[in-house]
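Naming: A, B, ... by sequence-line order, numbering from 1 per chain.
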There are 4 protein chains.
Amino acid sequence: MSRVRSAEKRSAILEAAVDEIAEAGLGAATAKIARRAGIATGTLFTYFATKEELLNELYLELKGEAYARMNAGFPQKGSLEERARHVWMSYLEWAIEAPRKRKVSVQLNVSDVITPETRVRAAAGRSFFDATFAELGELDAVRALPQGFAAALMGAIQEATMEFIAKNPKERERLKEEGFRVFWRALQ
Amino acid sequence: MSRVRSAEKRSAILEAAVDEIAEAGLGAATAKIARRAGIATGTLFTYFATKEELLNELYLELKGEAYARMNAGFPQKGSLEERARHVWMSYLEWAIEAPRKRKVSVQLNVSDVITPETRVRAAAGRSFFDATFAELGELDAVRALPQGFAAALMGAIQEATMEFIAKNPKERERLKEEGFRVFWRALQ
Amino acid sequence: MSRVRSAEKRSAILEAAVDEIAEAGLGAATAKIARRAGIATGTLFTYFATKEELLNELYLELKGEAYARMNAGFPQKGSLEERARHVWMSYLEWAIEAPRKRKVSVQLNVSDVITPETRVRAAAGRSFFDATFAELGELDAVRALPQGFAAALMGAIQEATMEFIAKNPKERERLKEEGFRVFWRALQ
Amino acid sequence: MSRVRSAEKRSAILEAAVDEIAEAGLGAATAKIARRAGIATGTLFTYFATKEELLNELYLELKGEAYARMNAGFPQKGSLEERARHVWMSYLEWAIEAPRKRKVSVQLNVSDVITPETRVRAAAGRSFFDATFAELGELDAVRALPQGFAAALMGAIQEATMEFIAKNPKERERLKEEGFRVFWRALQ
DNA sequence: GATGAATGAGGTTTCATTCAT
DNA sequence: TATGAATGAAACCTCATTCAT
């Protein structure tokens, strides 16, 4: 039997990619990523056929990780506000814990390497709380706006909130809460 | 006297940079930018010593252009809502008119090439309507949040709004207005 | 296992560098050196990280080669004159055989690319006959001069001798001998 | 009447070239030389048609300056040793006073930019004390060696001496004297 | 599968020289 | 003459990807 592609190595590459891209931008060299992952340059390409594929997979991974966090402990039966608050808080916690991951996720999102198909696949991870966003979209405040606006709005306000948490880490808890309240008020 | 450094050429380079970066990302080749600007490769470097400098100047230029738009026709004596609405609308109009510029502006903003000093210089262009944001920051909804949150919030919601305008260009006017109303409500 | 860095290729690069530099000076293009060595442009940089490193290694190589010649057949137990004569003759023979190498060695020596550290490392190769120079330094003629003067003196007179051998190759043997006698007399 | 090429500017260029080459090697940029000379890039080329010409003229200038020093106060009627000593001392003094000029002179000499014709023209400046070298060449010690050997020998030993003076500036006078004695003994 | 040397196109920047002013 | 912007070939070096081992 031949050796098998190891999941550990795959993860090591993705983690190394996060670090390297956080430091050097999307232009980060595959060779450096490989070295950081503790593997040979060539090995990287047995896990990801091209750099573009690596980047797309990374995007999926990061989105997936964030979504997993939001899905965990999701109060399926809570009130709309409770569910919205859960999503808000759990994403922010992930972003605070892994700022480089969030940074890279943003860079990937803004770039053109991520294919529409990848974006679609990434969105699939939201299944759990998508219903919540659908409900939010029904609120008077945004009913006249396209589907998805509520989600985008949350993302946007979180982005702004993150920025300030990064600057005042000690006020983290308060900022998380206040941020949510601003978001919530926007929807009333 | 020798030939004089022409403002037209400088502008041509910056415009070419916008187009090229919009298509190829921040990795866009200086040689291609030069060709698109109709000058020789070397000439670019008599206007901008390094690519990094070009990128920083471009950021300044784009921010400046957007701010100029917001400053133009600013209703100095209008109500707070009128002034906020002006800022909201004029930025969105600029972003809609020049989507590539906005896109590049976002990419630059997210990247690490823009120095803190450039960011400070860019912020200087906001003088006119900064007072408005200061006033917004005094509203109950965001009083507990750090200075600058209102501005960041507007940027964030605009970002979300832009995304949807890009997808539904025909609804532009309505989306602009609805977006503002969401923003405004968040502050009440 | 991957392909292994080949000593032959390394040598080929160094030899090509000698030829290219002899023809074009220290400004010789790395691309041309690579082509002459029969490898791709990029390959050169897997053997030498930068051109500067290549130049320093080349210096080491050339000095090493010359010193190896002088060490070979060194009459450890011969009289001072015999030992000095051996050093004198063997260096000149090397320089005559490989005039381009000597030329490049001189250019490198005069330039600022060779780091002090490289110079120190190069000097290490003289171990064998250093004792001889130390003894020469004790002779009355140069005792009042700094340590190392005798060695520098030999180098200088050899330089002058070389020049004339290059012009009158047929008189090589006589000039080698006469040159040594002038050197030797200077020390008496 | 049109403006005339100014001798001052020419000198300024040559001096700037010395400084720039001493710092950056023969690859020094003409534009930097021009800036250092306080003139425009283009102006340099009205004084020297090409960089190569500039370099050749510089060589001539430096050799000329050194020779002028040796010619000054030349003891036409002194003994052979007195005359030789004068040449020895005055060159060393020049080299000590203007180490960068000497350094550049050496670099030029070793390179291939200096044409044979320039070398011939440079040699012309030695007229005054050439007779002395001719006489030195008649001494038994070097009679069997080609014409010019005595001069080359002096140059070579001076080179060695210079090196040590550079390292021990305080012993300058003693080293100058001792160096000469070594040279003189070599000829006896 | 794993390795890392090899490849060569392409990236940024420099530079001697020209030429409009 | 003087100026310095303009030129574009070339320089050094990087990098995604391939492939011999």
With DNA chain E as reference, determine whether B:F45 or C:T43 sits nearer its 5' end, using the nearest nucleotide of each.
->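 Residue closer to the 5' terminus by nearest nucleotide: C:T43.
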
Residues in side-chain hydrogen bond (donor to acceptor under 3.5 Å, both in side chains) with [X], at least two apart?
{"X": "B:K63", "result": "none"}
{"X": "B:R100", "result": "B:D19"}
{"X": "C:K9", "result": "none"}
{"X": "C:D112", "result": "D:K103"}

Among all residues two or more places apart in sequence or in another chain, which pass the salt bridge (charged side-chain N to carboxylate O under 4.0 Å, His left out) test with A:E15?
->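 Listed in chain order: nothing, the list is empty.
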
Please report the distance, rounded to the nearest Å, between [atom1] in [X] and [atom2] in [N].
{"X": "B:I21", "N": "E:dG11", "atom1": "CD1", "atom2": "P", "value": "14 Å"}
{"X": "B:R5", "N": "F:dA6", "atom1": "CZ", "atom2": "P", "value": "8 Å"}
{"X": "B:R35", "N": "F:dG8", "atom1": "CZ", "atom2": "P", "value": "11 Å"}
{"X": "D:K32", "N": "E:dT13", "atom1": "NZ", "atom2": "C1'", "value": "12 Å"}
{"X": "A:I13", "N": "F:dA16", "atom1": "CD1", "atom2": "P", "value": "14 Å"}
{"X": "A:I39", "N": "E:dG1", "atom1": "CD1", "atom2": "P", "value": "13 Å"}
{"X": "C:I33", "N": "F:dA11", "atom1": "CD1", "atom2": "C1'", "value": "12 Å"}
{"X": "A:E20", "N": "F:dA16", "atom1": "CD", "atom2": "P", "value": "11 Å"}

Distance, nearest 0.5 Å, that separates CD1 of B:I114 from CG of B:L26 =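 The distance works out to 8.0 Å.
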
Interatomic distance, A:F45 atom CZ to A:T30 atom OG1 [nearest 0.5 angstrom] |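 Interatomic distance, A:F45 CZ to A:T30 OG1, rounded to 0.5 Å: 4.0 Å.
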
Sorted by number, the residues of residues 23-30 of chain A with heavy-atom contact under 4.0 Å to DNA chain F =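 Residues of residues 23-30 of chain A that come under 4.0 Å of DNA chain F are, in numerical order, A:A28, A:A29, A:T30.
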
Which residues, if any, of residues 47-57 of chain C bring a heavy atom under 4.0 Å of DNA chain F?
->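 Under 4.0 Å from DNA chain F: C:T50, C:K51.
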
C:A31 or B:G42: which one's nearest nucleotide on DNA chain F is closer to the 5' end?
->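 Counting from the 5' end, the first nearest nucleotide belongs to B:G42.
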
Listed partners of C:Y67 passing ring-ring contact (aromatic ring centres under 6.0 Å, His included), at least two apart |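 Scan of C:Y67 (ring-ring contact (aromatic ring centres under 6.0 Å, His included), adjacent residues dropped) gives C:F129.
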
Report which part of the nucleic acid A:K9 touches: base, sugar-phosphate, or nothing (heavy-atom distance under 4.0 Å, all strands).
->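 Sugar-phosphate contact only - A:K9 comes under 4.0 Å of backbone atoms but never of a base.
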
Just checking A:T46: base, sugar-phosphate only, or nothing, at a heavy-atom cut-off of under 4.0 Å?
->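 Contact class for A:T46: sugar-phosphate only.
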
Which stems does DNA chain E form, counting runs of 3 or more consecutive Watson-Crick or G-U wobble pairs with both distances under 3.5 Å?
->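 Result, WC/G-U stems under 3.5 Å: E:2-21 with F:2-21.
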
Where the side chain of B:T41 is defined as all heavy atoms beyond and including C-beta, which of F:dT17, E:dT12, F:dA9 is the nearest nucleotide?
->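 Closest nucleotide among those given: F:dA9.
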
Pair up each side-chain donor or acceptor in residues 34-43 of chain B with any protein partner under 3.5 Å, not counting sequence neighbours, and list the distances.
{"unit_1": "B:R36", "atom_1": "NE", "unit_2": "B:E20", "atom_2": "OE1", "d": "2.8"}
{"unit_1": "B:R36", "atom_1": "NH2", "unit_2": "B:E20", "atom_2": "OE1", "d": "3.2"}
{"unit_1": "B:R36", "atom_1": "NH2", "unit_2": "B:E23", "atom_2": "OE1", "d": "3.0"}
{"unit_1": "B:R36", "atom_1": "NH2", "unit_2": "B:E23", "atom_2": "OE2", "d": "3.0"}

Pair D:R102 + D:E65, salt bridge at N-O below 4.0 Å |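 Looking at D:R102 and D:E65, the cut-off is not met.
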
Among all residues two or more places apart in sequence or in another chain, which pass the side-chain contact (heavy atoms from CB on, under 4.5 Å) test with B:E117?
->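 In terms of side-chain contact (heavy atoms from CB on, under 4.5 Å), with neighbours along the sequence ignored, B:E117 is linked to B:T115, B:R121.
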
Pairs in or reaching into residues 41-58 of chain D: which pass salt bridge (charged side-chain N to carboxylate O under 4.0 Å, His left out), with residues at least two apart or in two chains?
->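 Non-adjacent pairs meeting salt bridge (charged side-chain N to carboxylate O under 4.0 Å, His left out): D:R10-D:E57.
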
